[in-house]
Amino acid sequence: MLAKEFQQRFVDIGVSLINNAYADSYKVEDDQVSLKLENGAVLKADILVLGIGLNPNVELAEAAGLEVGNGVIADKYLQTSNKHIYAAGDVLNYPDVIIGRNRFEHEEQAEYSGKVAGRNMTGAEEVYNHGAPLSYTDVLDISIEGVGEMSRNRDDAIIEEVAGGYIVYYLFKGKPSGILTYNVKVDMDKAREILVNPPKTLDELTGILKPI
Ligand SMILES: Cc1cc2nc3c(=O)[nH]c(=O)nc-3n(C[C@H](O)[C@H](O)[C@H](O)COP(=O)(O)OP(=O)(O)OC[C@H]3O[C@@H](n4cnc5c(N)ncnc54)[C@H](O)[C@@H]3O)c2cc1C
């Protein structure tokens, strides 16, 4: 429902969306870009923006002999397989207290993990427990925030309408695994608390988070 509304906002301002299409190749001719799709269709444009994701840059860590996988593997203190080297930010793969071992690409994660890694380098021995980093985006006049697991590992969702916006509770094995807000501002630390200590029944989920 929200995905449809989100897409419609773009359609309303004249954007054509082509879903379930994969790019095959592109070429530039006479200052025009031609993008060929896998289904054979060719799209012509003045500008092509490639949004194709990223891979963590682990070569330096590998060369230093650190354990790498999806990013640089670290423990709950953000200490890598070499106890003198710590990892933080996008490259960090660590055991998140809410989601489990994972790697995130979010500004908030980079900030918090950087601070903890820094403190631990000076002997703090602090467990990194800022679980489920906040992701956010603002597009058109839509503001979205989320914590937890919102894309994979979910089998249902509860949508609560609040103050003209929505709160979505993603569920995995009957428990909230992620919380997303759509055009409503709530205390996201409280949302994190719900993921750590969910109410006994799903009926009690809605109404906990209040608009601020
Ligand atoms: C287009 C885009 C949009 C984004 N939007 C959002 C958003 O809306 N919300 C959000 O929360 N996050 C967003 N992010 C993610 C956010 O920018 C990152 O999570 C954050 O910048 C990660 O910080 P970092 O310090 O770990 O890595 P980076 O900011 O990538 O910094 C790593 C630095 O290390 C340097 N480096 C790499 N290899 C070496 C080497 N061998 N030697 C020396 N230096 C090296 C790089 O040049 C770089 O300066 C976005 C990212 C992109 C690309």
Side-chain angles (χ1 to χ4, degrees), residues 2-3 5-7 9-10 15 17 23 26 33 35 45 47-82 84-122 124 126-152 165-168 170 177-192 195 212:
L2 281 183
E5 180 178 320
F6 188 72
Q7 291 197 23
R9 299 296 293 276
F10 287 88
V15 177
L17 298 172
Y26 71 88
V33 188
L35 174 71
I47 296 173
L48 173 69
V49 178
L50 298 172
I52 50 176
L54 58 80
N55 289 317
N57 209 339
V58 292
E59 292 83 359
L60 188 64
E62 243 172 350
L66 303 186
E67 186 187 347
V68 298
N70 173 21
V72 177
I73 309 295
D75 64 11
K76 61 184 178 183
Y77 301 102
L78 309 187
Q79 204 165 24
T80 68
S81 55
N82 179 328
H84 300 293
I85 303 178
Y86 290 75
D90 280 9
V91 85
L92 167 68
N93 184 319
Y94 74 106
D96 184 272
V97 286
I98 295 176
I99 301 179
R101 183 163 284 286
N102 224 312
R103 188 179 69 78
F104 300 99
E105 291 153 11
H106 300 306
E107 197 187 309
E108 196 210 33
Q109 152 84 354
E111 190 188 329
Y112 275 81
S113 61
K115 286 178 180 165
V116 171
R119 287 197 286 268
N120 284 348
M121 283 179 198
T122 56
E126 192 179 318
V127 172
Y128 183 56
N129 59 10
H130 188 75
L134 176 82
S135 49
Y136 67 88
T137 195
D138 294 298
V139 274
L140 307 176
D141 60 350
I142 302 167
S143 175
I144 297 174
E145 291 191 341
V147 286
E149 185 62 88
M150 290 163 285
S151 51
R152 291 161 293 169
Y166 302 93
I167 303 174
V168 185
Y170 294 103
S177 60
I179 298 176
L180 177 140
T181 61
Y182 185 97
N183 271 352
V184 58
K185 187 103 188 121
V186 303
D187 181 346
M188 293 309 268
D189 280 337
K190 210 158 197 167
R192 276 194 183 89
L195 298 181
I212 49 176

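From a predicted model like this one, the values you see are computed outputs, not experimental measurements. First listed ligand is number 1; within each ligand, the first listed atom is number 1. Residues take their numbers from the sequence shown, with the count starting at 1.
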*What is the minimum heavy-atom distance between Met121 and Tyr86, and which atoms define it?*
CG-CD1, 3.5 Å

*Which atom names give the shortest non-hydrogen contact between Asp90 and Glu105, and what distance separates them?*
OD1-CA, 3.3 Å

*Are the side chain of Gln109 and the backbone of Pro133 linked by a donor-acceptor contact shorter than 3.5 Å?*
no

*If only atom types and distance count, is the side chain of Asn120 paired as donor or acceptor with the main-chain N or O of Tyr77 below 3.5 Å?*
yes

*asked:* Students often mix this up, so state it plainly: with edges at 30° and 60°, are the rings of Tyr112 and His130 parallel, tilted or perpendicular?
replied: parallel

*Could you name the protein residues that come within less than 4.0 Å of ligand 1, counting only heavy atoms, and order them by chain and residue number?*
Asn57, Leu60, Gly89, Asp90, Glu105, His106, Glu107, Ala110, Tyr136

*Are any side-chain N or O atoms of Asn93 and backbone N or O atoms of Asn70, one a donor and one an acceptor, separated by less than 3.5 Å?*
yes

